[in-house]
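What follows is one structure encoded as structure tokens, with my remarks underneath.
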Amino acid sequence: MIIASNAFLLIAAGLYLALGGVAGFATVNAVLLLLLGIYRYRWDRSRWSILLIAVSSLMLIINQFALFAIIILASLGIYYFRGRPNMPGLYRSAHRLMLNIRLDEQSWVLKSMSIWQAVGEIRMDMTVAVPEEQETIIILQGLVGDVDLTVPEDYGLHVEASVMVGQIGFRQTRDGGMMHRLSWRSPDYEEREYRLKLQLFYLVGDIKIRTV
């Protein structure tokens, strides 16, 4: 066990030195702090974790402004290319640098939507929502996101979700790591009275989808 721990530390140190030599140690430190802040925020929602995320993000922008701008533009390009449901007039569209959406405490109208954010938190409880259409399409994209969705058990559900770094939880399963992807569709999707299609794409994300 001690040998395995020492080997892990040596590998981690080697990766740190290698990445630091390529991208710069300030950038690597900022990424590590950002991941630490996101991990801490998932557990206690403390102000310190929010401050850590903000500071590390600012460090990344300062040290790698060109790379950050490229990522922002590429993500926005993907959003505009594929982020609009094919239902003219029946969708909500928004793009924000910082976004916090909470629809989990009182009744609300469920309609197709497409949202992009650089950093944000989205919580939706569809069990207290009134669907406007038989099939609803929700597209959520961004750089850093914390997404928590609750879906009625009797809905037909089609999920396409991916994170480059982070976790995806679906029902009772939860997997994480690098380049993680989830694809799932109800066997009788087309026969259900109400259908929900979720498309979730984040660079760094913590995605949770529950059915009740």
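Residues passing the side chain to side chain donor-acceptor pair (under 3.5 Å) test with T127, sequence neighbours excluded: D125. Remark: T173 pairs with F170 by the side-chain contact (heavy atoms from CB on, under 4.5 Å) rule, at least two apart or across chains.
Considering every non-hydrogen atom in both A161 and I207, the closest pair reads CB-CD1, 4.4 Å. Taking every heavy atom of both residues into account, F201 and S162 meet most closely at CD2-OG, 3.2 Å. Minimum heavy-atom separation, W184 to L157: CZ3-O, 3.6 Å. The heavy-atom pair separating P152 from M126 by the smallest distance is CD-CB, 3.6 Å.
Put simply, CD on Q199 and NE2 on H158 are 7.5 Å apart, with the number rounded to the nearest 0.5 Å. Between the CG atom of N100 and the CD1 atom of I122 there is a distance of 9.0 Å, given to the nearest 0.5 Å. Between atom CD1 of residue I138 and atom CG of residue L200 there is a gap of 8.5 Å, rounded to the nearest 0.5 Å. Between the CE atom of M113 and the CG atom of L140 there is a distance of 7.5 Å, given to the nearest 0.5 Å.
At a threshold of 4.5 Å between non-hydrogen side-chain atoms, the residues D206 and V147 do not count as touching. Looking at D148 and R210, their side chains come closer than 4.5 Å, going by heavy atoms from C-beta outward. Contact annotation: the side chain of R181 approaches that of S183 to within less than 4.5 Å [non-hydrogen atoms, C-beta and beyond]. Counting heavy atoms from C-beta outward, V144 and L203 have side chains that stay 4.5 Å or more apart. In this structure the side chain of K208 reaches within 4.5 angstrom of the side chain of D146, judged on heavy atoms. Here the side chains of V212 and T150 are in contact, with some heavy-atom distance below 4.5 Å. Inter-residue side-chain proximity for L103 and L110 is flagged as unmet; no heavy-atom pair is nearer than 4.5 Å. With contacts defined as side-chain heavy-atom distances shorter than 4.5 Å, the pair I115/I139 does not qualify.
Evaluation of the salt bridge (charged side-chain N to carboxylate O under 4.0 Å, His left out) test over residues 26-36, restricted to residues two or more places apart or in two chains, returns none. Applying the ring pair (Phe, Tyr, Trp, His ring centres under 6.0 Å) test to pairs two or more places apart or on separate chains, none has a residue in residues 121-141. Applying the ring pair (Phe, Tyr, Trp, His ring centres under 6.0 Å) test to every pair with at least one member in residues 118-142, sequence neighbours left out, gives no pairs at all.
With hydrogens and angles ignored, the 3.5 Å screen pairs a side-chain donor or acceptor of E133 with a backbone N or O of S112.
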Checklist entry - Between E121 and R102, is a side chain to side chain contact (heavy atoms under 4.5 Å, CB included) present by the stated rule, with each step listed? => result CA-CA 8 Å; E121 177 183 12; R102 297 190 66 94; 3.8 Å; yes
Listed pairs under 3.5 Å, donor-acceptor, residues 189-198 side chains, sequence neighbours left out:
| unit_1 | atom_1 | unit_2 | atom_2 | d |
| --- | --- | --- | --- | --- |
| Y189 | OH | E135 | OE2 | 2.7 |
| E190 | OE2 | R185 | NH2 | 3.0 |
| R192 | NE | D188 | OD1 | 3.2 |
| R192 | NE | D188 | OD2 | 2.9 |
| R192 | NH1 | E153 | O | 3.4 |
| R192 | NH1 | D154 | O | 3.1 |
| R192 | NH1 | Y155 | O | 3.1 |
| R192 | NH2 | D188 | OD1 | 3.3 |
| R195 | NH1 | R192 | O | 3.3 |

